Trainee: 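Would you mind keeping the following structure in view while I ask a few things?
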There are 2 protein chains.
Amino acid sequence: MLRLSKLTDYATVILSFMARDKIQVHAAIEIAAVTGIALPTVSKILKSLVNANVLISTRGAKGGYILARKPQQITVATIISALEGPIALTECSISRQGCEQASGCDIGGNWSLINKTIHNALESVTLADLIRPVVVSEEVLVPVSSIYR
Amino acid sequence: MLRLSKLTDYATVILSFMARDKIQVHAAIEIAAVTGIALPTVSKILKSLVNANVLISTRGAKGGYILARKPQQITVATIISALEGPIALTECSISRQGCEQASGCDIGGNWSLINKTIHNALESVTLADLIRPVVVSEEVLVPVSSIYR
DNA sequence: ATTAAATAGGACTAGAATAGTCCTGAATTA
DNA sequence: TAATTCAGGACTATTCTAGTCCTATTTAAT
């Protein structure tokens, strides 16, 4: 099902809370309480987000986490890759090494186009968009086919 | 890394071979030999593709598999969902039940927009595109941001 | 200084999902 | 009737994910 890990899902929930809330600094334990996610898990996620420069941490009493950038500048692609590594659908899109599909596989290049497309889609949606109230317009279409034809 | 399963990857390799080859009917054992994928695994994949109406099978001696439609009419989205079920990034995009992120999660609607976008991207690329020689144009951009702004 | 609050980093475990195999049955051709 | 080939499902082993926990480090307050 082209799955995103649970942790990434949690991350968007956590970041949405942080972006919505007026208060700047949030301790891990506070975030755990608000979101209902267990503290150790929250900590783990927050650490990953710090490493990806999405959050800035402060240690010690009164410490905690704040957004490193404005919500408009934090993309969904960034969030995903913070928790799951590079966004790619297939192994060989990341590195060609180890792909031993000797004879059959000539489609690497095409996969990488699809990957770029999806990456770009995720890159164009930000945290600010995620916390925006949804106004659904059903007929939004993105013609990726133009890449090929 | 927003991963696609290995089996799905194999499926594209198998289908690419079948689409490229002039001969219509291919037995599982033959496909295994050409692609270098183990026979039981190939069989498993082919069965899934038959169930998804991507392939048609014929039993008995001289039996085998053929494409159910023209390569132009088989989308990447179809191939992926044949092997992995519905394309969605998060659980709650498939069903809202069981999402107990009581307080924190107000972003379901927005995720579903992203899902639609990606689904649409995958829907617009066909098997025919996959077997086409790649002509890379680096600056292809798909403005999903227009969905929100 | 000392204590309490908070993150950093990494090791570890249990459970779930995936990949892969195998077996038995059914259909078709020669 | 025998050989070939797919159908369906059970099964196993390995990998991955989610989640927990421990120790060290940093900072603020008293």
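Proteins come first, then strands; the chains are lettered A, B, ... in the order of their sequence lines, and each starts at number 1. Since the structure is predicted, the reported quantities are computational estimates derived from the model, not experimental observations. Below, all heavy atoms of this structure are taken into account, side chains as well, without hydrogens, waters or symmetry copies.
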Trainee: Figure out the CG/P separation between A:Leu49 and C:dT7, and round it to whole Å.
Mentor: 13 Å
Trainee: Expressed in angstrom and rounded to an integer, what is the separation of A:Ile45 atom CD1 from C:dA8 atom C1'?
Mentor: 16 Å
Trainee: Under the side chain to side chain contact (heavy atoms under 4.5 Å, CB included) test, which residues partner B:His119, sequence neighbours left out?
Mentor: B:Ala77, B:Ile87, B:Glu123
Trainee: Does any donor atom in the side chain of A:Gln72 or A:Thr126 lie under 3.5 Å from an acceptor atom in the other side chain?
Mentor: no
Trainee: Starting at the 5' end of nucleotides 2-10 of chain D, put B wherever the base has a protein heavy atom under 4.0 Å, S where only the sugar-phosphate does, and a dash everywhere else.
Mentor: --BBBSBB-
Trainee: Is there any ring pair (Phe, Tyr, Trp, His ring centres under 6.0 Å) pair reaching into residues 70-89 of chain B, and which pairs are they, with sequence neighbours excluded?
Mentor: none
Trainee: What is the separation between atom CG on B:Leu7 and atom P on D:dC16, rounded to the nearest whole Å?
Mentor: 14 Å
Trainee: Going by the rule side-chain hydrogen bond (donor to acceptor under 3.5 Å, both in side chains), which residues pair with B:Thr78 if we only count those two or more places apart in sequence or in a different chain?
Mentor: B:Thr75
Trainee: Send over the distance from A:Ile31 CD1 to C:dA6 C1', rounded to a whole Å.
Mentor: 12 Å
Trainee: Starting from P on C:dT7, measure out to CG on A:Leu39 and report it in whole angstrom.
Mentor: 8 Å
Trainee: What residue pairs, at least two apart or across chains, pass ring pair (Phe, Tyr, Trp, His ring centres under 6.0 Å) with a residue in residues 31-50 of chain A?
Mentor: none
Trainee: Rounded to the nearest Å, what distance is computed from the OH atom of residue B:Tyr10 to the P atom of nucleotide C:dT18?
Mentor: 15 Å
Trainee: For C:dA17, take OP1 and OP2 only and decide whether either is under 4.0 Å from a side-chain N or O of B:Ser5.
Mentor: no
Trainee: Please set out all donor-acceptor pairs under 3.5 angstrom arising from side-chain atoms of residues 48-70 of chain A, sequence neighbours excluded.
Mentor:
residue : atom : partner : partner atom : Å
A:Ser48 : OG   : A:Lys44 : O            : 3.3
A:Asn51 : ND2  : A:Lys47 : O            : 3.4
A:Arg69 : NH1  : A:Gln73 : O            : 3.0
A:Arg69 : NH2  : A:Asn53 : O            : 3.2

Trainee: Figure out the CD/P separation between B:Glu84 and C:dA16, and round it to whole Å.
Mentor: 20 Å
